[in-house]
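For reference, the structure discussed in these notes is given below.
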Amino acid sequence: MSETELDQEESLFEAPPMGEQERMVEAILFASAEPVSVADMEARMPHGSDPAEALVHLRKRYEGRGVNLVRVGDAWAIRTATDLGYLMQKETVETRKLSRAAIETLAIIAYHQPVTRAEIEEIRGVSVSRGTIDQLIEMEWIRFGRRRMTPGRPVTFVVTPDFLDHFGLESARDLPGLKELRSAGLLESRPPPGMMPGPELEEEDETGEGQSELFED
Amino acid sequence: MSETELDQEESLFEAPPMGEQERMVEAILFASAEPVSVADMEARMPHGSDPAEALVHLRKRYEGRGVNLVRVGDAWAIRTATDLGYLMQKETVETRKLSRAAIETLAIIAYHQPVTRAEIEEIRGVSVSRGTIDQLIEMEWIRFGRRRMTPGRPVTFVVTPDFLDHFGLESARDLPGLKELRSAGLLESRPPPGMMPGPELEEEDETGEGQSELFED
Amino acid sequence: MAEEQQDAFEPDVMSVSERMAAEALIVDVDGFEGPLDLLLTLSRTQKVDLRKISVLQLAEQYLQFVDRARKLRLELAADYLVMAAWLAFLKSRLLLPPDPTEEGPSGEELAAHLAFQLERLQAMRDSAAKLMARDQLGRDFFARGIPEDVTRVRRVTYTATLLDLMQGYARIRTKDEFRPFVMDREAILTMEQALERMRGLIGFAGDWTDLTSYLPEGWEMDPKKRRSATAASFAASLELAKAGAIEIRQGETFAPIQIRRKPE
């Protein structure tokens, strides 16, 4: 179309008032399945419309509202205000009992902290799956402690304040010892002949430092 | 929940200011292509929120704009203003062309609901093909209502919120000309005097309570 | 339409428009949705309020139509004929004075109901048209084009009690196959142990010495122990080399690995 023709058309069809154009842009952006470019809007709106200007007004109108006008590449779209994203989620909470493997691992960490994965495996007598450790970390019941100053510098695990909170303990030291477990009937049988394994015996020194580590950071 | 409990909870959790609630309702409605019920909004908003009130404010805000807040049954939706439909040719969805029989059946269900198949046939004077009912159910414009408590316990049909949404009706009470039809007695199901040709009427008149039933469940 | 069938109409004196209307009805017979639809169409020719319609006249028109249609050997569905029979009955009732001994509804009652049925059908057709003329979703007004669906987040929280924890610990500690974990190291030399051992010994090894000579006494006899001790000692020697305490060399592939204290 030549320029003179355009001019003629413009004089023939007067562009709608800006307020109307704003309404149009609003409706187009709302109903479109994709962000819409200014050129696209212009093609759809009555001749002589200025969607770019209408967008400026509309954008201002949506400032601070529940939805905002956002630019996506060279196109525009209406989107939920970022601070309200949580409304688009429906959370269902399901409570499940911790698996036996996880409880045992957790218990070992609580009684022996700081403890390496290899040590946990040694105590449990079976390997500890990564998932179990990850799950406990995700629950924020355990976290990484200091690395052992031994070859390979293995990471250690310690329990967290969240853990103490959940189990109603002031500190991991409040966990009942083996003797108490036994007298409470939780530890039925005989002590293994010859020796009494447990944190008291072999990690006496480390336990002290482990406990303090809990509250250092 | 008892009232005292509610009061207690309300004092525990302060509801967000109304302006914020309006933003939330705005975001929720913009995000959904389907109407959202007030109960659904309430469940998603912070405790103590009053979406019904926020809706009143929001509806006013969108008056005369390119998109409007519309009521669909007991739910709400944002829809483009009807005068701007011409801008949305790209978004127009070709609905399956309905046969005359389907359109008439739909109208009869809407105006006479809950209505049994026998009643539809009595009004149209011909049997209703299964395909017609199936098509309307598939389009989710009609659904099964309660069974009639009459011999044979026939199923009834009622229109759905989708139907209201599609035709821009707040409720089935807003069907065009409903009042006139009722006052002219044309929505009554008059039993034929003695023998009449055509499908036999087997049910009692329940039309009166019919329209209200739509909002019960 | 065949010539001879057309002849059937010839004896009747009909205006052109009447004949066209009649033909239209006959041609469209399959287009009618049943007798009631046909009656409604016929009643329109009376151009009066459906409530004031002359049912008698309507019945006559219907019967004429059916008659003509049959003359044309047009197959008429049974319900058209049932309606014809009923209308004939209605006609007789309307024409004859009411018989007080006869049971059942009067002709007027039957006629009124037919008028009601026609009016109701017409009303539903008008309503259907009004409904379809409304602004429709997806045609005249539109829903959100980019809906942001509500994502359902299922959060699983795990829980355990202190009792679970203690029972778990007790369970491990009282396992039948339980052996204290220090004793577990019977056939295993840990790297820490090897390291400790080598740290003590390395001071005395000024010259190149086979790594195998660092294995603890007795460990080289048992294959299981030898494997563990060799691996541990090798790892420990790497650790020591890294720390700059020793040097390592190997003459060729598979040749003995030798270490010595790093000269100061």
Side-chain angles (χ1 to χ4, degrees), chain B residues 27-34 44 67-68 70 77-82 84-85 88 91-95 98 100-101 103-108 110-112 122-127 162 165-169 175-178 180-181 184-188 190-198, chain C residues 31-40 51 77 79-87 89-90 103-114 116-150:
Chain B
I28 290 172
L29 290 182
F30 261 86
S32 175
E34 305 283 320
R44 283 158 71 179
V67 295
N68 307 133
V70 297
I78 296 178
R79 299 285 179 249
T80 61
T82 49
L84 298 176
M88 255 64 75
E91 279 71 39
T92 303
V93 272
E94 273 305 317
T95 36
L98 283 177
R100 186 175 128 179
I103 291 172
E104 278 183 28
T105 302
L106 178 65
I108 291 168
Y111 284 84
H112 289 262
E122 144 83 8
I123 294 169
R124 293 199 66 230
V126 281
S127 61
D162 269 16
D165 192 21
H166 185 90
F167 290 100
L169 294 162
L175 283 164
L178 185 72
E180 293 82 351
L181 289 173
L186 290 169
L187 298 183
E188 289 162 21
R190 269 186 221 171
M195 135 198 137
M196 276 290 278
Chain C
F32 286 111
E33 288 205 73
L36 210 55
D37 185 25
L38 173 56
L39 277 169
L40 191 58
R51 268 165 290 191
D79 50 350
Y80 282 85
L81 300 178
V82 170
M83 178 62 92
W86 186 81
L87 285 172
F89 165 76
L90 174 62
E103 299 265 316
S106 70
E108 277 71 28
E109 282 172 326
L110 293 174
H113 190 75
L114 180 60
F116 167 74
Q117 278 185 298
L118 292 174
E119 197 192 349
R120 183 173 60 181
L121 180 59
Q122 188 57 52
M124 279 302 112
R125 289 201 171 150
D126 295 344
S127 298
K130 271 188 224 156
L131 190 65
M132 298 316 280
R134 282 185 72 86
D135 288 329
Q136 292 182 35
L137 178 67
R139 191 186 76 182
D140 308 292
F141 61 97
F142 295 83
R144 183 79 164 115
I146 318 176
E148 296 166 57
D149 285 329
V150 176

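In what follows, every chain begins at residue 1, and chains take the letters A, B, ... in the order their sequences are listed.
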Exercise. Relative to chain C, which segment of B/Ala101 carries a heavy atom at a distance below 4.5 Å: side chain, backbone, both, or neither?
Worked result: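 Interface part for B/Ala101: both.
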Problem set entry | Contacting moiety of B/Ser32, where chain C heavy atoms sit under 4.5 Å |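 Looking at B/Ser32, just its backbone touches chain C.
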Where do [X] and [Y] come nearest, in terms of heavy atoms and distance?
| X | Y | value |
| --- | --- | --- |
| C/Pro147 | B/Ala33 | CB-N, 3.8 Å |
| B/Glu188 | C/Arg120 | O-NH1, 3.6 Å |
| B/Leu181 | C/Ala123 | CD2-CB, 3.6 Å |
| B/Gly125 | C/Pro35 | O-CD, 4.4 Å |
| B/Phe167 | C/Phe141 | C-CZ, 4.5 Å |
| C/Leu121 | B/Ile123 | CD1-O, 3.5 Å |

Problem set entry | Choice from B/Glu34, B/Met88, B/Glu180 maximising heavy atom contacts with chain C below 4.5 Å |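 Most heavy-atom pairs within the cutoff with chain C belong to B/Met88.
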[Y] side chain reached by [X] side chain, heavy atoms, under 4.5 Å:
| X | Y | result |
| --- | --- | --- |
| B/Glu104 | C/Asp37 | no |
| C/Leu131 | B/Leu175 | yes |
| C/Met124 | B/His112 | yes |

For this session: Mind checking ring-ring contact (aromatic ring centres under 6.0 Å, His included) for C/Phe116 and listing every partner two or more places apart, or none if nothing turns up?
Result: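 Listed in chain order: C/His113.
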For this session: Verify side-chain contact (heavy atoms from CB on, under 4.5 Å) between C/Phe142 and B/Arg79, making sure each step is shown before the conclusion.
Result: CA-CA 5 Å; C/Phe142 295 83; B/Arg79 299 285 179 249; over 6 Å; no
For this session: Would you list the pairs meeting salt bridge (Lys or Arg N to Asp or Glu O under 4.0 Å) in which at least one residue belongs to residues 126-141 of chain C, sequence neighbours left out?
Result: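 Applying salt bridge (Lys or Arg N to Asp or Glu O under 4.0 Å) to every pair that reaches into residues 126-141 of chain C, excluding sequence neighbours, yields nothing.
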Exercise. If you count heavy-atom pairs under 4.5 Å with chain B, which of C/Gly34, C/Ala128, C/Ser106 comes out on top?
Worked result: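 Of C/Gly34, C/Ala128, C/Ser106, C/Ala128 has the most heavy-atom pairs under 4.5 Å with chain B.
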Exercise. Short question: side chain of C/Arg144, backbone of B/Phe30 - any donor-acceptor pair under 3.5 Å?
Worked result: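 Yes, C/Arg144 side chain to B/Phe30 backbone: donor-acceptor pair under 3.5 Å.
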Problem set entry | Short side-chain to backbone donor-acceptor contact, C/Ser127 and B/Ala107, under 3.5 Å |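 No, C/Ser127 side chain to B/Ala107 backbone: no donor-acceptor pair under 3.5 Å.
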For this session: Working to the nearest 0.5 Å, report the span between CZ of C/Arg125 and CD1 of B/Ile108.
Result: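 Separation between the atoms: 8.5 Å.
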